[in-house]
Amino acid sequence: MFTERQISAMLGQIARQDVVEIGPEQAAGRAAALAHVAEQYGYAYDRAHRTGHNDMQILVRMYRDPHPGARAREAATIAAHPQAGSGGTVPGMRPGTVKPTPEAEEAVARLRDQIMLDVLAQAADRRQQTFAYGSCAVLALVLLLAGMPIGALVGGAALAAFLWGAFRLGTVRRQRIARRLTGAGFVPVRDETGRQRFVRPGQQLPGHVNPFTA
């Protein structure tokens, strides 16, 4: 029942808005599956970021793609799945679930890669790193003021080493995802902040007014 309500709510956004927000979701795979459904209605992936308590959830933004191919895809989907969100079939999903059909698994996996790339990049941006490493200094200072100079040294160094390892692991994961996307034909581009993103051939990053016009 929850899945039907979620699909119905998303289709309500699609019927009324040029920008659709999916989530917040705790699992990137579920967010990617819902994003794939939105793609079948003529939307294209924009970006994802963590949100909610302790940044434990993922929010995905999709834009209505004005290209003729996207509009044709939307018309075909509406004709093939007239009862989606009301107990009928949902494009690319197994009945009653947001688990992709075998034909949709690859597309959903690549959407998950795009989502995870954005989420990992958010965790590794300069502001986040500055805050994280600043916490090492705060810990060391607190222990030093408590009369524990050795604890301040060891504790601060241990936390810094842990954070360095976590950021390094994130870098490795982003590199692996980038290789998968490149291998699938996606094209690397830079957004307005200089962050690396990936788009399908012939697509460009959304702008502020008409997201997918040249």
Side-chain angles (χ1 to χ4, degrees), residues 1-123 173 176-177 180-181 183-186 197-200 203 206 211-212:
M1 186 64 70
F2 171 72
T3 295
E4 287 293 341
R5 290 200 303 269
Q6 196 171 27
I7 295 292
S8 179
M10 186 177 72
L11 293 181
Q13 288 190 68
I14 286 172
R16 300 187 304 270
Q17 303 167 193
D18 288 334
V19 178
V20 168
E21 290 191 341
I22 296 171
E25 292 288 340
Q26 291 194 355
R30 187 178 178 90
L34 291 168
H36 176 72
V37 174
E39 281 192 335
Q40 307 319 300
Y41 288 90
Y43 281 71
Y45 177 80
D46 174 25
R47 66 184 65 212
H49 67 272
R50 287 203 177 275
T51 187
H53 180 64
N54 291 331
D55 286 342
M56 294 298 293
Q57 296 178 307
I58 297 172
L59 188 69
V60 176
R61 284 173 64 94
M62 308 281 290
Y63 277 92
R64 187 184 300 275
D65 187 344
H67 290 151
R71 304 279 57 81
R73 185 170 66 248
E74 177 189 23
T77 297
I78 291 173
H81 305 275
Q83 298 300 315
S86 301
T89 58
V90 176
M93 298 296 117
R94 298 174 186 177
T97 74
V98 286
K99 295 180 180 180
T101 61
E103 298 79 14
E105 285 179 355
E106 176 66 18
V108 172
R110 298 293 73 79
L111 274 166
R112 185 182 186 279
D113 281 341
Q114 288 183 283
I115 290 169
M116 288 305 302
L117 194 68
D118 283 346
V119 168
L120 290 169
Q122 176 190 358
R173 291 182 67 188
R176 289 176 179 170
I177 291 172
R180 285 200 298 267
L181 289 170
F186 284 70
R197 310 284 302 285
F198 285 83
V199 298
R200 290 187 173 89
Q203 193 183 57
F212 293 97

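What's counted below: heavy atoms across the whole structure, side chains too, no hydrogens, waters or symmetry copies. These figures come from a predicted structure and were not determined experimentally.
A distance of 7.5 Å separates CG of Asp118 from CD of Gln114, quoted to the nearest 0.5 Å. Of the inter-residue distances, the one linking Met10 atom CE with Leu34 atom CG reads 5.5 Å to the nearest 0.5 angstrom. Atom CD of residue Glu74 and atom OG1 of residue Thr77 lie 8.0 Å apart, to the nearest 0.5 angstrom. Rounded to the nearest 0.5 angstrom, Thr97 OG1 and Glu4 CD are separated by 10.0 Å. Distance check, rounded to the nearest 0.5 Å: CG of Asp65 to CZ of Arg73 gives 6.5 Å. The CG atom of Leu59 sits 12.0 Å away from atom CZ of Arg50, with the distance rounded to the nearest 0.5 Å.
In this structure, the side-chain contact (heavy atoms from CB on, under 4.5 Å) partners of Ala107, at least two apart in sequence or on a different chain, are His36. With sequence neighbours excluded, the residues satisfying salt bridge (Lys or Arg N to Asp or Glu O under 4.0 Å) with Arg110 are Glu106, Asp113. Looking at residues two or more places apart in sequence or on another chain, you find no side-chain contact (heavy atoms from CB on, under 4.5 Å) involving Ser8. The side-chain contact (heavy atoms from CB on, under 4.5 Å) check on Thr89 picks up His81, with sequence neighbours excluded. A search for salt bridge (Lys or Arg N to Asp or Glu O under 4.0 Å) contacts involving Arg61 returns Glu21, Asp46, not counting sequence neighbours. For Glu105, the side-chain contact (heavy atoms from CB on, under 4.5 Å) partners at least two apart in sequence or on another chain are Arg94, Pro100.
The neighbour count for Arg176 CZ, taken as heavy atoms of other residues, nucleotides or ligands under 6.0 Å away, does not exceed 12.
Side-chain contact between Val90 and Val98 is absent, with no heavy-atom pair separated by less than 4.5 Å. At least one side-chain heavy atom of Leu120 sits less than 4.5 Å from a side-chain heavy atom of Ile177. Between Glu39 and Leu111, the closest side-chain pair of non-hydrogen atoms falls below 4.5 Å. Between Arg197 and Tyr45, some side-chain heavy-atom pair lies under the 4.5 Å cut-off. With a 4.5 Å cut-off on side-chain heavy atoms, Gln13 and Met62 do not count as touching.
The two residues Gly92 and Ala104 have their closest heavy-atom pair at O-CB, 3.5 Å. The two residues Gly29 and Arg112 have their closest heavy-atom pair at N-NE, 3.9 Å. Residues Ala48 and Ile58 come closest through the heavy atom pair CB-CG2, 4.2 Å. When all heavy atoms of Ala31 and Val60 are compared, the pair lying nearest together is CB-CG2, 4.0 Å.
Put simply, the side chain of Gln17 gets close to the backbone of Val19: a donor and an acceptor are under 3.5 Å apart. Judged by distance alone, the side chain of Tyr43 and the main-chain N or O of Ile14 form a donor-acceptor pair under 3.5 Å.
Residue Arg30 is tested with Ile22, Thr3, Val108 for a side chain to side chain contact (heavy atoms under 4.5 Å, CB included); the sole match is Thr3.
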